[in-house]
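Here is the structure we will look at.
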There are 2 protein chains.
Amino acid sequence: MRPTVYDIAAAAGVSLATVDRVLNRRPGVRLVTREKVEAAIRDIGYVRDVAAANLAKGRVYPLVFILPTGDNSFMHGLYGEVRQAMTRSTFDRTEIRIVEVPAFDPPALVAELDALQGQELAGVALVATDAPEVRAAVDRLVASGIPVVTLVSDLTGSTRHHYAGVDNIAAGRTAARLLGRFLGGRKGDITVLAGSMLVRDHRERLEGFSSVMAAEFPQLRLLPVLEGRDDPEIANTLVSEALSGSNSIIGIYSLGAGNRGLLRALKETGQGRELTVVVHELTEHTRIALLDGTIDAVLNQDAGHEVRSAIRVMKATADGQDVIAGQERIRLDIFLKDNLP
Amino acid sequence: MRPTVYDIAAAAGVSLATVDRVLNRRPGVRLVTREKVEAAIRDIGYVRDVAAANLAKGRVYPLVFILPTGDNSFMHGLYGEVRQAMTRSTFDRTEIRIVEVPAFDPPALVAELDALQGQELAGVALVATDAPEVRAAVDRLVASGIPVVTLVSDLTGSTRHHYAGVDNIAAGRTAARLLGRFLGGRKGDITVLAGSMLVRDHRERLEGFSSVMAAEFPQLRLLPVLEGRDDPEIANTLVSEALSGSNSIIGIYSLGAGNRGLLRALKETGQGRELTVVVHELTEHTRIALLDGTIDAVLNQDAGHEVRSAIRVMKATADGQDVIAGQERIRLDIFLKDNLP
DNA sequence: CGAATTCTGATGTACGTAAATCAAAAATTT
DNA sequence: AAATTTTTGATTTACGTACATCAGAATTCG
């Protein structure tokens with residue numbers, strides 16, 4: 001049988017009230033007594049029954065998800081997953097609130113973060129925009145005692161407790177190798193379509209991609225990056241122009257969102273050309289393109305896993321518990337047409 | 001505020017005792033009364049607080065994992081993950097017992113399954129050997145009211161509640177495409193190293209592999225399958241012989257365990273040849289081989305995820321609850337040297 | 001040394017559910 | 001209608017923890 005507070009009291013030779021004072025950091029316990037109790041806790045290997053404690057406390061976990069506006073499929077999916085989590089809130093004692101902020105807008109994000117200060121929150125999850133002032137705002141939030149996890153895009157150098165997202169440098173490297181190997185020694189140009197170089201995850205993907213390309217596939221030349229701002233229309237235009245302007249393009253890496261535009265360009269301008277294409281994010285569009293051969297591989301991060309992981313980590317952090325590391329590693333999914341879910 | 005049993009009682013106009021009788025299927029309630037209570041439960045949207053119920057019941061989940069003996073790395077890893085789960089047992093109210101059975105031995109497996117019959121178990125997880133008598137034994141266990149999940153290798157056609165493992169046909173297909181694409185149009189022979197064609201997961205991987213190879217890479221010819229029984233020594237011999245005997249082998253797919261032997265053969269006999277190699281299961285050996293270029297891709301299933309998923313599903317099934325489908329899908333991991341964890 | 005202060009113990013209630021007991025009220029049978 | 005059986009209600013205890021209150025003990029201070 002697992003030891004209880006009564007066992008602590010007996011082992012330490014004190015009353016239940018004193019055990020409670022120690023366990024819950026309430027005042028009015030002499031140092032010697034506290035140490036006696038803490039020793040007993042260690043000796044008998046007591047671990048608080050979180051379920052019982054939460055029941056007694058009537059505890060709920062008020063969580064906030066700060067998500068950027070934006071109408072690409074990935075963000076839609078992310079919203080959907082958070083809403084899914086909200087439907088399970090009674091079940092796991094969470095109270096989830098979504099806060100929308102304009103994308104790529106550090107001041108707006110900082111304002112929202114600061115607005116959360118005084119509130120009694122068990123955790124804040126945010127899709128970080130990479131800027132010093134955001135970093136500072138996150139650090140303020142952490143300093144005020146609120147668990148903070150970054151979602152999808154990290155904020156290195158900040159004091160955030162956890163990052164629930166993929167390793168984007170590794171993602172870029174993987175894309176490079178897939179593209180390079182799939183091209184099997186052919187010589188030619190590679191076009192990269194990004195959303196914006198202002199976002200860390202896009203920058204990191206490009207960084208990983210470029211380094212492997214340079215080191216291992218010298219016969220492939222990278223063309224200047226196209227920035228489509230995750231917008232289908234812009235992407236369509238940029239890719240169409242690029243393809244029309246050059247016959248030596250044999251591969252495309254799309255590391256951002258808004259792939260509908262890319263796909264349209266491929267269907268129209270890319271007609272009849274032999275292009276190897278690797279893109280990010282599995283959506284209904286990219287899934288179809290993968291199946292019909294327009295795309296050769298899709299790299300993906302599972303938004304559902306990211307959201308659930310973020311919630312688990314925030315709850316655990318709020319309770320001072322630790323998590324199962326392997327469970328919280330967000331993996332890079334690689335989809336070919338054969339292993340689609 | 002979430003409704004409680006008191007709210008049901010008030011809404012249905014009955015006493016708490018009657019509500020309890022209905023909720024816990026205790027006798028002594030007239031049909032009309034029961035229906036009245038059930039209606040109230042639906043109306044106010046009551047959902048039992050499982051944590052509180054478990055506390056009151058002092059409930060634990062006695063679980064059994066039936067695992068095959070075998071000294072390959074994957075099985076070691078699987079054992080390790082189950083033991084990891086055991087260390088968390090006080091925390092999640094499980095009581096896990098490991099039962100070892102000889103690998104590829106249906107009668108032994110059946111005996112163990114039948115021995116579990118009368119016991120009060122919240123669930124049984126087994127690495128299924130694919131045989132009719134095993135199927136029947138699993139069905140008996142399910143019929144006796146025990147939740148059963150298959151782990152790593154499925155038992156289709158049985159009444160098992162869930163399968164915690166990857167889609168092995170998809171895995172084989174994926175391997176074929178990776179190998180085919182990485183070979184970039186070269187013409188030659190492909191050797192397949194399996195453990196045993198008596199195991200369903202190996203058969204399925206081969207099936208998926210062969211079908212994609214035949215359909216999409218006609219320039220590649222499949223040599224007869226080598227059965228290494230997941231044993232490093234046998235695998236080494238078989239692969240060495242195959243490589244020595246033919247200069248037209250340009251690709252290898254190892255779909256089973258025991259890759260140490262394969263790697264040794266590659267280091268020795270495969271020296272200086274340009275081979276493209278895809279294997280299953282990420283171990284310390286395959287990791288190194290991936291990094292040094294001996295292997296081109298590793299397909300993997302995360303044993304930790306499989307074990308944790310199996311536990312979640314068994315608990316939920318025992319409680320008659322449902323699970324988050326997306327969370328319990330075991331994904332096929334594809335590792336290149338760039339995205340190793 | 002007595003008074004003021006700090007610490008500790010004893011006890012009760014609560015969280016939401018399970019489970020048991022016994023009495024009272026219905027429904028059913030004779 | 002009485003006797004019997006079946007349903008229902010009322011109440012209590014328990015699970016492991018949190019939290020509050022008040023009295024009594026130990027300690028510290030003047």
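It should be emphasised that the depicted structure is a prediction, and the values quoted were computed from it without experimental measurement. Quick note on labels: first sequence line is chain A, next is B, and so on, each numbered from 1.
A salt bridge links R93(A) with D49(B); the closest basic N to acidic carboxylate O contact falls under 4.0 Å.
V152(A) is listed as a side-chain neighbour of F74(A), based on a closest heavy-atom distance under 4.5 Å. In this structure, the side chains of L155(A) and D130(A) come closer than 4.5 Å at one or more pairs of heavy atoms.
A side-chain donor-acceptor contact under 3.5 Å links R48(A) and N24(A). Side chains of H305(B) and R329(B): no donor on one and acceptor on the other come within 3.5 Å. No hydrogens or angles considered: nothing links the side chains of D154(A) and T156(A) as a donor-acceptor pair under 3.5 Å. For D139(A) and S158(A), the side-chain atoms include no donor-acceptor pair closer than 3.5 Å.
The stretch residues 53-63 of chain B comes close to DNA chain D through L55(B), A56(B), each having a heavy atom under 4.0 Å from the strand.
Rounding to the nearest 0.5 Å gives a distance of 10.0 Å between OG1 of T18(A) and CZ of R30(A). Distance CG/D92(B) to OH/Y61(B): 9.5 Å, rounded to 0.5 Å.
The side chain of R48(A) places an N or O atom within less than 4.0 Å of a non-bridging phosphate oxygen (OP1 or OP2) of dA18(D). Taking side-chain N and O atoms only, Y46(A) has a distance below 4.0 Å to OP1 or OP2 of dT17(D). Distances shown here put a side-chain N or O of T18(B) below 4.0 Å from the OP1 or OP2 atom of dG9(D).
Taking atom CZ of F91(B) as the reference point, atom P of dG16(D) lies 16 Å away to the nearest angstrom. At whole-Å resolution of the value, CZ in R93(A) and P in dA18(D) are 13 Å apart. A straight line from OH of Y6(A) to P of dA14(D) spans 10 Å, rounded to a whole angstrom. Rounded to an integer number of Å, the gap from K36(B) NZ to dA26(C) P is 12 Å. Between the CG atom of L31(B) and the P atom of dA27(C) there is a distance of 14 Å, given to the nearest Å. The interatomic distance linking R2(B) (CZ) with dT17(C) (P) rounds to 7 Å, in whole Å. As a whole-Å value, the separation of L23(A) CG from dA18(D) C1' is 10 Å. Between R21(B) atom CZ and dC22(C) atom P the separation is 14 Å, expressed in whole Å.
Within the structure, salt bridge (charged side-chain N to carboxylate O under 4.0 Å, His left out) pairs that include any residue of residues 300-322 of chain A comprise R59(A)-D319(A), R312(A)-E328(A) (at least two apart or interchain).
Toward the 5' end of DNA chain D, the nearer of the two residues V5(A) and V19(B), judged by each one's closest nucleotide, is V19(B). The 5' end of DNA chain D is approached more closely, in terms of each residue's nearest nucleotide, by G13(B) than by the other of G13(B) and L16(A).
Closest to the side chain of S15(B), from the set dG9(C), dA10(D), dC19(D), is dA10(D). Here dA18(D) is the nucleotide among dA18(D), dT21(C), dT17(C) with the atom lying nearest to any side-chain atom of N24(A). Looking at the side chain of A17(A), the nearest of the listed nucleotides dA10(D), dA18(D), dA10(C) is dA10(C).
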Counting primed atoms, P, OP1 and OP2 as sugar-phosphate and everything else as base, the B/S/- map of nucleotides 23-30 of chain D against protein heavy atoms under 4.0 Å is ----S---
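Heavy atoms of D20(A) sit under 4.0 angstrom from at least one base atom.
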